[in-house]
Each structure stands twice: as C-alpha cells, then as structure tokens.
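Report on the following structure.
Small disclaimer: the values here were computed from a predicted structure and weren't measured. In each ligand, atom 1 is the first atom listed, and ligand 1 is the first ligand listed.
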Amino acid sequence: MIDTLEVSYDTRIPNNVGLSEDRRVLKALEQWHPGYIDWWMDMGPEGFQASEVYLRTAVSVEKEGWAKFGFVRMPEYRWGILLAPQVEGRTIGFGEHKGAPAWQEVPGEYRAMLRRLVVIQGDTEPASVEQQRWLGRTAPSLYDLRNLFQVNVEEGRHLWAMVYLLQKYFGRDGREEAEALLQRRSGDLDRPRMLGAFNEETPDWLSFFMFTFFTDRDGKMQLESLAQSGFDPLSRTCRFMLTEEAHHMFVGETGIRRTIQRTCESMKEAGIEDPYDVERIRALGVIDLPTVQKKANLHFALSLDLFGSEISTNAANAYNAGLKGRYREDRIEDDHRLVEATYPVLKLVEGAFRLVEAPALTALNMRLRDDYVRDCEGGITRWNTIIAKAGVDFRMALPHVAFNRQIGEFKDIEASPEGALLSAEAWAARRDDWLPSNDDGAFLRSLMMAERQPGAYAGWIAAPKRGIDNRPGDFEYVKVVA
Ligand SMILES: [Fe+2]
Ligand SMILES: [Fe+2]
C-alpha cells in the first residue's frame, strides 16, 4: 500500500490510501457506495439534494490548502478516504505495549475491542445527519444553510472513514458492520443509533448550534483519544477528521454567539434591562437569554452522558491495550501506563459531592469528561463577553455535572444546575426553569422561518463577522432549487 500526501482521483472514491492498487477493498467500498447514496437520499438534508451548495471538499492532507471550495450538489460530493500522513517509526504511546512499533494491522487479541471502538464512532456520524435533516427548511440565512450542509457532508465523510477501516481491516464481520451502519436510524424504536444523544431530536436551529457546540465537541474528545491509538490507521484517520471537526464546533459556537448578540442588541434598543422579562423580549422576535441557558443545560447534560460511566473497566482495557489514549496523551508527562496512578472522581458521598481518588486506569472516562468540561468553558466565557459588552446583566454558565444525568454516578439522583441535591418532586417542580419547556419549544419553532435572500438574516440572529472562504456579505452560498 502506498500512502501519499496527494489525493488520487483515479477511482470513484478520492483517497490517499492507494485504493486503486487495493482491489479487494476498492471493490468492497464500491459495493457499499450505492447503499450509502440511498441512505443519503433518504436520510440526508430534506429538500435540498438538487441545490448547488458552496462546499469545501478535502483534496489533500497537508496542513495548508487541504480543502478546495466550489459549488456542488450534495449527492455528488466527493466523499473521500483521507488519512493523515504516516509518521515514520511511530510507536505505541501508552498501555502495556508502550514503546512497541505502532500496529499497521489489527492485533488479533484486540480485534473485537477495536472493532467496537470503530463501530461506535462510526455510528455517531450518520446519526447526526439524520438528526439534522429537516433543518434546511428553516435556515436563518443562506450562510447558515451552507454551514449546516458542510457539517452534514463531512459527517458523511467521517462515516466513510470508519467504513474504510471496517472493510480493510475486519474482513467479513467488518462488511456486516458497515452495512449495519446504514440500517440503524436516529430515534428509531426498533433500530436506534447506539448512543443516547444521537437519538434525540434537533427541532430548531438553536438546538443545532448547541449540538455542534456540545456534542460535536464530545466527538472531538473521542477523536483526540483515538488519534493516540497504537493502531496506526485509526490514529491517522482520526487526526484528519479533527481538521474538519474544528469547523463544526465553530458553527456551534459562533451560532450561539450571534444569537446572544442579536438578543442583547434588541433588548438595548427596546430599553429592556431585565433579561428575565421574557415576554417582552420574545415580543421583539429574539430568543431570551434564560431560554438559551436552558438549551445549553439540556445539551451539556446529554453530551456528558456520552462519556459513559466515570468508572469503567472497558476504558481501562482499551487503554491497557494501547487502543484508546487520553486527551493529548503525547503531551502528558507521566509513565503512560497508569498502573499505580490514581485520579480524583466526583462522587456523592453521604449526601455531598466529593472527589474520591480512584485507580487512574478505570477513571479514564472521568478524566476525558473533565478535559471536555474545560474545553466547553472557553466557549461560555466568549458568550459572556458579548453579554457583558452589551451591558446586559446576565451570565451563561455550565450546569453542575450531576444535573439531569442518565448515565454514571448521578443517574439516580436529582440536582439543580447549581449542584443542590433535590427530591424528585422538588426537581420536577422546577424542571421548566432549567430545561426547555413545551412553551419554549413552541416559541422557538415560531421563530424558525427560512431566510433565503442572499446577505439577509432572520431577525433572531446577527450576521457573521466574516463570510466563508472570505466571500462577501451578499454571497449566494446555496442556489436553492425549489
Ligand atoms: Fe464527525
Ligand atoms: Fe462533527
């Protein structure tokens, strides 16, 4: 197999993994392709398959100039297989095999574990496309519409990335898993997607921005730890996926920033000082900040559940095996084996939250979640800067990690966003103060009206500072075919 920086276009599938010389895998992928297109037509962006969209396509894996922009109809997007360049002499960075050469083939003893990691990652990619498929109809601008579709086609490419690993390295059961990835459906009662947050609805654009901020960021953390993998093809695939993932979080973070900015500006113009004067603020056609906070509470809690139980032998096994590392493992200074090490885990002890030292190996999910929370905080600070600059007396905050959890240490208790323990009744009585209510949902839906004029934005969201690929403000990012 020849790996190059150059992406070859001599098969239907752009790639830098020498597919044209790898007949078996090429054939398997070509057989999978029609089913993928069927899935995309059924479950991809509803109503826009014939429209031309200004999209970036990955054309190289070099740091500079890896993508090229141009108009393309989404079903004709060139979904390719791109791996970050192979690092000469790379070794396994952690676990039992630390220091041994990185694996270029699947280590037999870890085959099932590795396949499971690839399948779980792979399952999230089409799930998010399914969750977002109706949003195009209510996009607040052509700019936002284009960003939605960029995220969608790249999640499609991430599915390809995982399917390539399954087809190339796992033979027949890999093929079956690749097929099953096209069969499951987000929110389906009989064949749901594998993880909870990926079966939730994304009913409005604020949800979409929250999803890309919080849930795509979970994706980033997972990809970062898989990028450390001793199984080199997985590591290289994830490293390249992270290049694309950055834009998804940009869409989320700036989408929320622009929403907040518009709200604050409108409040000031109308002379409204109290951010809790919800009725008057909503009458201006913007989203009151308490509702933005409730959405953040919901999506943060759902995303925390994706990290699994704080204490996990699966996580320990994957680490020991050298398959899944810690966030930025290669920048941590310790023995990278963690046999003797401990890590503080937040638990409920005699009615109070306490940090309890646990074996670091079994506490890896907790550690990754802590890294994630820190990463989220940066975004919250930037939102608060906008609110403070506008002179509005309100602060956004992440809720306590025990708030509204379904998985892990806190799944059987109720806590407020501030971290006060409550009875189930007391919690239920306050629920609508902390999470989006039906009324909030109805209000948000009432704002969701498509704006299709180039350069125009729906009233609830500010224009972005800059265009995509430095395009001018009135650029027609999507040529909508009705
Ligand atoms: Fe992805
Ligand atoms: Fe993503």
Side-chain angles (χ1 to χ4, degrees), residues 36 39-40 43-45 53 55-58 61 66-67 74 77-84 117-133 135-136 144-166 178 181-182 184 186 193-200 202 205 207-227 229 233-256 299-300 302-303 306-307 324 327 368 372 375-376 379 468:
Y36 171 82
W39 166 80
W40 180 269
M43 299 309 293
V53 187
L55 293 174
R56 70 178 184 190
T57 304
V61 290
W66 63 273
M74 286 184 278
Y77 189 78
R78 303 284 308 260
W79 284 284
I81 293 158
L82 298 120
L83 273 58
L117 287 172
V118 172
V119 168
I120 290 178
Q121 180 61 42
D123 194 66
T124 65
E125 314 289 357
S128 64
V129 175
E130 293 164 4
Q131 287 168 293
Q132 295 159 13
R133 64 188 292 239
L135 289 172
D144 291 290
L145 187 61
R146 176 262 165 217
N147 283 348
L148 166 70
F149 295 156
Q150 184 71 62
V151 170
N152 292 161
V153 292
E154 286 175 353
E155 301 304 7
R157 203 199 68 73
H158 293 174
L159 172 60
W160 274 90
M162 292 300 124
V163 164
Y164 167 71
L165 294 180
L166 289 169
L181 284 167
L182 296 176
R184 287 185 288 274
S186 176
R193 292 292 173 183
M194 296 169 89
L195 301 174
F198 292 90
N199 288 301
E200 297 284 326
T202 311
W205 275 76
S207 292
F208 171 63
F209 293 141
M210 290 293 175
F211 186 96
T212 41
F213 181 85
F214 286 111
T215 307
D216 281 73
R217 191 177 308 276
D218 160 72
K220 166 187 155 179
M221 304 310 287
Q222 303 301 334
L223 292 176
E224 288 272 8
S225 21
L226 294 172
S229 183
L234 177 60
S235 162
R236 294 172 53 205
T237 295
C238 291
R239 270 181 273 153
F240 187 70
M241 289 162 77
L242 280 164
T243 322
E244 296 164 313
E245 208 57 52
H247 178 67
H248 307 181
M249 285 174 293
F250 163 87
V251 169
E253 185 179 327
T254 57
I256 298 163
H299 286 269
F300 181 65
L302 282 168
S303 301
L306 292 170
F307 291 85
K324 185 178 178 185
Y327 179 60
L368 191 61
Y372 169 78
D375 210 57
C376 288
I468 292 294

Residues passing the salt bridge (charged side-chain N to carboxylate O under 4.0 Å, His left out) test with D216, sequence neighbours excluded, are none

Under 2.8 Å from the Fe ion (ligand 2), which protein N, O or S atoms do you find? Ignore water molecules. E155 OE2, D216 OD2, E245 OE2, H248 ND1

Establish, for the pair R217 and F213, whether the NZ or CZ atom is under 6.0 angstrom from the six-membered ring centre and no further than 45 degrees off its axis. yes

Sole candidate of E155, K220, E253 that passes side-chain hydrogen bond (donor to acceptor under 3.5 Å, both in side chains) when paired with H248: E155

Check ring pair (Phe, Tyr, Trp, His ring centres under 6.0 Å) between Y36 and all other residues, then give those that pass, not counting sequence neighbours. W32, W39, W79, W160

Salt bridge (charged side-chain N to carboxylate O under 4.0 Å, His left out) against E154, all qualifying residues, sequence neighbours excluded: R56

Should the ring pair Y372 and F300 be called parallel, tilted or perpendicular, given that the plane angle runs from 0 to 90° and is split at 30 and 60? parallel

